[in-house]
Amino acid sequence: MQVHSGPLVRGAVALDPGTALPPEWDAWAEEPAHQVVLTEDDTVVGAVHVALVSAEEAWLEGVRVRADRQGQGIGRRLVAEAEALARRYGAGVARTAVPVHEYAAQAVAERAGYRPVTRAQVRETRLGAGPIDVPYDAHVRPAHPEEAAAIARRLQGGETLRAWAGLTPLGWRFRTLLVPMVKGLARDGRVLRTGEPAGPVEGAALFALHRDAAVVCLVDGPPSHVAAMLGVVAERARAHQVHRLVVFTPEGLPLPRLDGEWTPHPWCPDGLLIVSKEL
């Protein structure tokens with residue numbers, strides 16, 4: 001059995017990822033990934049993606065094994081090879097997300113030494129053509145890059161990051177919230193803040209606009225501020241002809257109604273379990 005690894009070609013996979021990855025993983029990915037492939041007699045029998053989400057953190061995703069080769073230890077071999085690749089790039093920790101209802105995948109992760117660190121919900125709603133009916137009781141504006149440190153402190157002391165053990169998602173990948181990350185997102189116009197212009201940061205949201213959805217990766221603040229920030233993201237989405245809003249949240253966090261009901265993402269209807277391992 002041979003191992004091959006290299007940069008992942010966007011949209012190309014060695015095996016059908018339908019049962020291993022959410023349908024939008026490619027569109028929402030924030031960093032390029034490497035693909036580790038196992039072959040036997042020139043036939044691909046398994047593959048996994050490895051993304052370096054920071055200088056010291058790796059994200060594993062999309063472990064998939066040919067149906068006729070499952071139960072033969074190929075999944076464990078793939079994880080081990082992915083971890084070795086991550087260590088070569090300097091990562092000291094690896095994480096992955098498993099849908100809560102995928103008990104078999106959780107068992108594989110546990111046998112490989114991964115332990116739960118947090119859980120998250122992924123909820124979405126459709127945006128209609130009419131007015132967004134949310135109370136704009138907070139002053140919302142785009143954050144400036146020089147505010148990154150203050151925004152990071154506000155988020156790090158908030159309910160969301162406490163529930164997520166200090167991790168935040170970009171796309172589907174969770175990583176430690178760092179000031180340079182916030183500064184880069186603010187420079188790209190992807191951070192909103194609330195509070196008076198000369199006052200402290202009272203709330204903040206990190207988001208991205210994609211062709212298929214507006215994705216709010218992290219939002220924290222008083223309920224009225226959260227509603228106002230989601231309303232601003234929704235208006236921006238519709239201005240770009242995007243009519244789907246997705247929000248990553250801790251379990252049990254209420255979301256203000258915009259146009260329709262919030263529904264769970266079909267890939268993880270019961271939420272995501274984030275597991276982690278020291279390398």
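All residue numbers in this chain count up from 1 along the given sequence. In what follows, every heavy atom counts, from backbone to side chain, and hydrogens, waters and symmetry copies are set aside.
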Which value, rounded to the nearest 0.5 Å, describes the distance between S54 atom OG and R173 atom CZ?
12.5 Å

Identify whether V226 and L253 are in the same connected component of the hydrophobic contact network (ILVMFWY, side-chain heavy atoms under 4.5 Å).
no

Can V100 and C268 be said to form a side chain to side chain contact (heavy atoms under 4.5 Å, CB included), step by step?
CA-CA 7 Å; V100 168; C268 51; over 6 Å; no

Note, V201 side chain near T194 side chain (heavy atom, < 4.5 Å):
no

Is the closest basic N to carboxylate O distance between E30 and R190 below 4.0 Å?
yes

Would a distance-only check, ignoring hydrogens and angles, find a side-chain to backbone donor-acceptor pair under 3.5 Å from W262 to P254?
no

Separation between CD (Q35) and CG (L85), nearest 0.5 Å, reads 11.5 Å

Nearest-0.5 Å distance that lies between atom OG1 in T168 and atom CG in L155
7.5 Å

Please indicate whether E24 has more than 12 foreign heavy atoms, meaning atoms of other residues, nucleotides or ligands, lying under 6.0 Å from its CD.
yes

H243 side chain to L127 backbone, donor-acceptor under 3.5 Å:
yes

If you apply the rule ring pair (Phe, Tyr, Trp, His ring centres under 6.0 Å), what do you find for F248 with W172, and how did you get there?
CA-CA 9 Å; F248 284 73; W172 294 90; 5.6 Å; yes

F174-V98 co-clustered via ILVMFWY side chain contacts under 4.5 Å:
no

Which donor-acceptor pairs under 3.5 Å do the side chains of residues 202-223 make with protein atoms, sequence neighbours left out?
residue, atom, partner, partner atom, Å
H210, ND1, A27, O, 3.4
D212, OD1, W28, NE1, 3.4
D212, OD2, R244, NH1, 3.2
D220, OD2, E159, N, 3.0
D220, OD2, T160, N, 2.8
D220, OD2, T160, OG1, 3.1

Hey, could you give me the CD/CZ distance between E196 and R141, rounded to the nearest 0.5 Å?
10.0 Å

So do the side chains of V275 and V117 get within less than 4.5 Å of each other, counting heavy atoms only?
no

Would you say K277 and E83 make side-chain contact, with heavy atoms under 4.5 Å?
yes

Looking at E57 and R175, is any side-chain nitrogen of the basic one under 4.0 Å from a carboxylate oxygen of the acidic one?
no

side-chain hydrogen bond (donor to acceptor under 3.5 Å, both in side chains) between T249 and R123, worked out:
CA-CA 8 Å; T249 71; R123 291 185 276 176; 3.2 Å; yes

Hey, does D270 have a side-chain heavy atom less than 4.5 Å from the side chain of P264?
no

Below 4.5 Å, heavy atoms only, C-beta onward: do L170 and M181 meet side chain to side chain?
yes

Between R64 and G62 (side chain of the first, backbone of the second, donor and acceptor by atom type, cut-off under 3.5 Å), is there such a pair?
yes

Partner of T125 under side-chain contact (heavy atoms from CB on, under 4.5 Å), chosen from V246, L245, L255, T263
L245

Minimum-distance pair of heavy atoms, taken over all atoms of A186 and V191
N-CG2, 3.4 Å

Using the rule given for side chain to side chain contact (heavy atoms under 4.5 Å, CB included), can you reason through V79 versus V48, listing the C-alpha separation, both sets of side-chain angles and the distance that settles it, and then say yes or no?
CA-CA 8 Å; V79 171; V48 62; 5.9 Å; no

Would W25 and H49 satisfy ring pair (Phe, Tyr, Trp, His ring centres under 6.0 Å), going step by step from the backbone distance to the final call?
CA-CA 11 Å; W25 82 268; H49 300 154; 4.7 Å; yes

Hey, does Y89 have a side-chain heavy atom less than 4.5 Å from the side chain of H34?
yes

If two hydrophobic side chains count as joined below 4.5 Å and joins carry through other members, does V242 share a cluster with L192?
no

Of all the heavy-atom pairs spanning G92 and E278, show the shortest one and how long it is.
O-OE1, 3.3 Å

Minimum heavy-atom separation for V36 and A82, please, with both atom names.
CG2-CA, 4.3 Å

For A91 against L52, the heavy-atom pair lying closest together:
CB-CD1, 4.1 Å

Minimum-distance pair of heavy atoms, taken over all atoms of P169 and G171
CB-O, 3.8 Å

Would one find more than 12 heavy atoms of other residues, nucleotides or ligands at under 6.0 Å from atom CG of D41?
no

Can Y103 and V108 be said to form a side chain to side chain contact (heavy atoms under 4.5 Å, CB included), step by step?
CA-CA 9 Å; Y103 300 113; V108 170; over 6 Å; no

Does E147 come within less than 4.0 Å of R193, counting only side-chain N to carboxylate O?
yes

Closest non-hydrogen atom pair, A86 against A58
CB-CB, 3.5 Å

With clusters defined by side-chain heavy atoms of hydrophobic residues (ILVMFWY) lying less than 4.5 Å apart, directly or transitively, does L279 cluster with V63?
no

Using the side chain to side chain contact (heavy atoms under 4.5 Å, CB included) rule, take W267 and L272 through it: C-alpha gap first, then chi angles, then the decisive distance, then the call.
CA-CA 9 Å; W267 185 66; L272 288 172; 3.5 Å; yes

E56 side chain near V93 side chain, heavy-atom distance below 4.5 Å
no

Any side-chain heavy atom of T39 within less than 4.5 Å of one from V45?
no

Are the side chain of T118 and the backbone N or O of A163 linked by a donor-acceptor pair below 3.5 Å?
yes

Verdict with reasoning, Q106 to H101, per side-chain hydrogen bond (donor to acceptor under 3.5 Å, both in side chains):
CA-CA 9 Å; Q106 292 177 38; H101 68 280; over 6 Å; no

